[in-house]
Amino acid sequence: MTELHWGDLVVILGYFVLCILVGLWSSFKENTGSVKGYFLAGRNMIWAPIGASMFATNFGSHFFVGMAGTAAASGLGVVIYEWHAIFMLILLGWVFVPVYVASGVYTMPEFLKKRFGGKRLRITLSVMSIFFLIVQRISVSMYAGAIFIQQSLGWNMYLSIVSVTLITAVYTIIGGLTAVIWTDTLQTVIMIIGSTYLTIASFIKVGGIEALFEKYMNAVPNVTTCGNVTMGYPRDDALHIFRDPATSDIPWTGAILGLTPMAILAWCTDQVMVQRVLAAKTHSHAKGGVIFAAWLKITPFFLVILPGMIGRVLFPDEIGCVDPDICMKVCENPNGCSNIVYPKLVIEILPAGKVSQIFYEILAPGYETSVIPFSPPGVRGLMLACMLSALMSTLTSVFNSSSSMFTLDLWTRFRRKASERELMIVGRAFILVLVVISILWIPILTANQGGQLWNYLQAMMAYLAPPWVVIFILGIAWKRTTEKGAFWSLMAGLAVGGSRLVIDLVYQKPTCGEEETRPAILYKVHFLHFAIILTGVVFIVCVVVSLFTQPRDEVKVSLLTLLNSFN
């Protein structure tokens, strides 16, 4: 906890001013007075801002807190989430986007309506998508931002988050998707510059990548016992990406098979991501955008995961604490303090006046840094701007996409002949509603924080993603999929996945030294393996119901079509 130098305040103020200027400039650049201009940026975006916006939307504050924390706790394995996404982005550009563009849709619920007919799927997806964007994207991002602000600056969390949310809402409401994409591009540059600077400083501190891997395996806190349990030692497979399918925290079977439906939902069927690609002026720009985003997805390994491991090496007693009482003193969380590793690095490695020492270390190794006469301020302000960029890029995307689905998929159900002016007013008003909900959600998310934020986020995806993914894939790949098959398989999948989610929320993971009292399905079936099972169940239900809800003379043809479509 520290106070900012005047130079840091100048950097932060400059960041906010620049964001607002870019947002306002982009709102005048494109016609935002029409539905197409406001929600799809006039379908006139080029590849670079599309790719940058997709990356910034995904690379939110939960990466700097959640992914860095999981890397500190368990090592390199978490990188599989990032590198797996590269293949999903290619799948989006070459398989899903051509279908979406050909159908002429603005939203994913609208696609389901055109594909299957009826109202149930469109309304269900709209309501559930908005709900989960609020409780998952907004809650996780704001919690991560709150942790960073509390740990690194000691500012009032509520005032800080409310201010950021309101500023974010201003240019989102005025400029629509155009403003969101261009400000995301600016924030991508800021995030990469800021996190690259901290990565360089961290490696200088730890002594290089070879020293990191050697020291990480020995990064053990002073207190390694709680009751009769010994913990706090790095995992034996911490330096492995593909891990044991039965005993590891990220089994390789789950990382390949279970992660796939989660990633397809996140990249190929999620309104937040797809909306950016639909804004491309041509198919070539859409493909170029996803390729650019795929290249950017390589960087979190260097910008987040390795710094998270360095934090475990430099601060093993705080980051690696296992005793609940000690953890409560360090971070007010008895489950562990790995989530604070990134802000801890900012505090300890980037104190005011050290910026020029880092450059001397790089350019002139061995130079006596203690006699450097001048060290420009502002580096902490840069890192805070980096974190705020991550938070704001996620919030703007959620606000805009939720507004799109509410206005085009739900509001038009009640107002079938609504004019474009009415839709524009409703879309902007709904963003204000989301802002209020976001602010009211702060005390809820802080009361339900977890030990490893990233694992919480991925587990929720594993419970809820497979049903939607199966519907989209069968809807595209198998023309015999019926509306009843899609709807009832969705209900079955959500019932099974939702049951596991409720059990997971009711039975909290025991802290160190406590006995395991949870049902066996929680700790014996990894959430990635559960995603595999759930995907198979939903697939079977969808196929069976689709076959039984078709005319009898078409059943045999349908079965043959299904087999051929997957050959």
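Below, all heavy atoms of this structure are taken into account, side chains as well, without hydrogens, waters or symmetry copies.
Side chain of Tyr342 to backbone of Gly66: no donor-acceptor contact under 3.5 angstrom is found. Using modelled atom types, no side-chain atom of Thr70 and backbone atom of Met67 make a donor-acceptor pair closer than 3.5 Å. Counting only distance, with no hydrogens or angles, the side chain of Thr188 and the backbone of Ala52 share a donor-acceptor pair below 3.5 Å. Panel note: side chain Arg500, backbone Ile521; a donor-acceptor pair is recorded below 3.5 Å. Side-chain atoms of Arg276 come within 3.5 Å of backbone N or O of Val272 as a donor-acceptor pair. A side-chain donor-acceptor contact under 3.5 Å links Arg243 to the backbone of Ala238.
Closest non-hydrogen pair, Gly308 versus Val341, comes out as O-CG2, 3.6 Å. Nearest heavy-atom pair, Ser202 versus Ile349, reported as atom, atom and distance to 0.1 Å: OG-CD1, 3.6 Å. Counting all heavy atoms, side chain and backbone alike, Pro245 lies closest to His529 at O-CE1, 3.0 Å. Pro466 and Thr535 get closest at one heavy-atom pair: CB-OG1, 3.3 Å. Listed here is the closest heavy atom pair of Pro234 and Arg312: N-NH2, 3.5 Å. Scanning both residues, Thr299 and Leu296, for their nearest heavy atoms gives OG1-O, 2.6 Å.
You'll find the side chain of Lys205 reaches within 4.5 Å of the side chain of Leu314, heavy atoms only. In this structure the side chain of Cys337 never reaches within 4.5 angstrom of the side chain of Glu318, judged on heavy atoms. Using a 4.5 Å cut-off on side-chain heavy atoms (C-beta onward), Ser248 and His240 make no contact. Side-chain contact check for Tyr81 versus Ile250: some heavy-atom pair is nearer than 4.5 Å. Residues Cys268 and Leu92 have side chains in contact (heavy-atom distance under 4.5 Å, counting atoms from C-beta outward). Side-chain contact check for Met309 versus Leu76: some heavy-atom pair is nearer than 4.5 Å. The shortest distance between side-chain heavy atoms of Val304 and Glu82 does not fall below 4.5 Å. Residues Leu306 and Phe213 meet the side-chain proximity criterion, which asks for heavy atoms closer than 4.5 Å.
Under the ring-ring contact (aromatic ring centres under 6.0 Å, His included) test applied with Trp83, the options Phe301, Phe242, Trp295 reduce to a single match, Phe301. Just one residue in the list Met88, His84, Met262 forms a side chain to side chain contact (heavy atoms under 4.5 Å, CB included) with Trp267, and that residue is Met88.
Aromatic ring centres of Tyr463 and Phe530 lie closer together than 6.0 Å.
Scored by the side chain to side chain donor-acceptor pair (under 3.5 Å) test, Asp317 finds Asn222 as partners (sequence neighbours excluded).
Disulfide status for Cys321 with Cys327: present, SG atoms under 2.5 Å apart.
With no hydrogens or angles considered, a side-chain donor-acceptor pair links Ser74 and Asp249 at under 3.5 Å.
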_Asn58 vs Met54, test: side chain to side chain contact (heavy atoms under 4.5 Å, CB included). Steps then yes/no._
CA-CA 6 Å; Asn58 176 255; Met54 295 180 71; over 6 Å; no
